[in-house]
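A quick write-up on the structure given underneath.
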Amino acid sequence: QWAFGYVRHADPAHKYIQTIGYYLDMICVALGAREAEKLLLHDLSLGATGDLHSATSIARELVEVHGYGGTDVVQYRQMNGDGQRQRDLSAKVLEQLDKRVLDIVEEQRARAEKIVRDNKAMVETLRDMLLEHKTIDAKTIVDLAPDKVKKTRKKEA
């Protein structure tokens, strides 16, 4: 009720099997609205703060829990624990972890920016529809860009 906007995922295939690619896509989606604001408004609203928090948290989990983003595959935080890092980490390791998280978020931000720029006309159309109708369902998106949706689905298969 308090959110100005959100994304609800309805993909049952990802309910049980989650991959690194899926998490990277989640980060990209979270940053997509922020990049659209920058492109279309030349400014950022504070509403993107929650998405930035989500993107950072996902990237941190990928790095610290799942060992993604570096050459060493080590778990630095328990998956079902209290969310705290291992206590005996050196300042150098902490710096490396933070750098990996930053790199992942930045890569996905750049990816989101490219997607928004490459699809600026569609983003503007969706923006206008949201302003008028308040919601957009999957069928509407398929009707707007059936060729792009078909190509995306083929890539995922």
For Gln96, the side-chain hydrogen bond (donor to acceptor under 3.5 Å, both in side chains) test, sequence neighbours excluded, returns none

With Lys139, which residues qualify under salt bridge (Lys or Arg N to Asp or Glu O under 4.0 Å), at least two apart? Asp143

Running the 4.5 Å side-chain criterion over Ile, Leu, Val, Met, Phe, Trp and Tyr, what cluster does Leu44 land in, apart from itself? none

Summary of salt bridge (Lys or Arg N to Asp or Glu O under 4.0 Å) pairs that have at least one residue in residues 119-134, sequence neighbours excluded: none

Quick one: pull up CG in Leu89 and CD in Glu64 and give me the separation to the nearest 0.5 Å. 8.0 Å

Does the pair Thr56 and Ile27 meet the rule for a side-chain contact (heavy atoms from CB on, under 4.5 Å), with working shown? CA-CA 8 Å; Thr56 305; Ile27 295 168; over 6 Å; no

Output all residues satisfying side-chain hydrogen bond (donor to acceptor under 3.5 Å, both in side chains) with Asp43, sequence neighbours left out; order by chain, then residue number. none

Does any part of the side chain of Leu31, heavy atoms only, come nearer than 4.5 Å to the side chain of Val105, both counted from C-beta? yes

Starting from the C-alpha separation in whole Å, work towards a yes-or-no answer on side-chain contact (heavy atoms from CB on, under 4.5 Å) for Tyr68 and Arg100. CA-CA 9 Å; Tyr68 178 76; Arg100 288 183 200 161; over 6 Å; no

Using 0.5 Å steps for rounding, measure from the OH atom of Tyr22 to the CD1 atom of Ile58. 8.5 Å

Sorted by chain and residue number, the side-chain hydrogen bond (donor to acceptor under 3.5 Å, both in side chains) partners of Lys114 (sequence neighbours excluded) come out as Asp118

For Glu37, salt bridge (Lys or Arg N to Asp or Glu O under 4.0 Å) partners two or more places apart: none

Kindly write out the residues that satisfy salt bridge (Lys or Arg N to Asp or Glu O under 4.0 Å) with Arg111, not counting sequence neighbours, or none if the list is empty. Asp25

How is the hydrophobic cluster of Leu40 composed, in terms of its other members, when Ile, Leu, Val, Met, Phe, Trp and Tyr link through side-chain heavy atoms under 4.5 Å apart, directly or indirectly? Leu39, Val116, Val123

Do Ser57 side-chain atoms and His53 backbone N/O form a donor-acceptor pair below 3.5 Å? yes

Got a sec: does the CG of Leu131 have more than 12 other heavy atoms crowding it under 6.0 Å? yes

Using a 3.5 Å distance criterion without hydrogens, assess whether the side chain of Asp137 forms a donor-acceptor pair with backbone atoms of Thr140. yes

My understanding is that only residues two or more places apart in sequence, or in another chain, count here; which of them pass salt bridge (Lys or Arg N to Asp or Glu O under 4.0 Å) with Glu107? none

For Thr125, what residues pass the side-chain contact (heavy atoms from CB on, under 4.5 Å) criterion, not counting sequence neighbours? Met129, Leu144

Could you list the residues that satisfy side-chain hydrogen bond (donor to acceptor under 3.5 Å, both in side chains) with Arg109, not counting sequence neighbours? Glu35, Glu106, Glu113

Walk me through it: do Asp51 and Arg34 pass the test side-chain contact (heavy atoms from CB on, under 4.5 Å)? CA-CA 8 Å; Asp51 294 333; Arg34 182 178 190 276; 6.0 Å; no

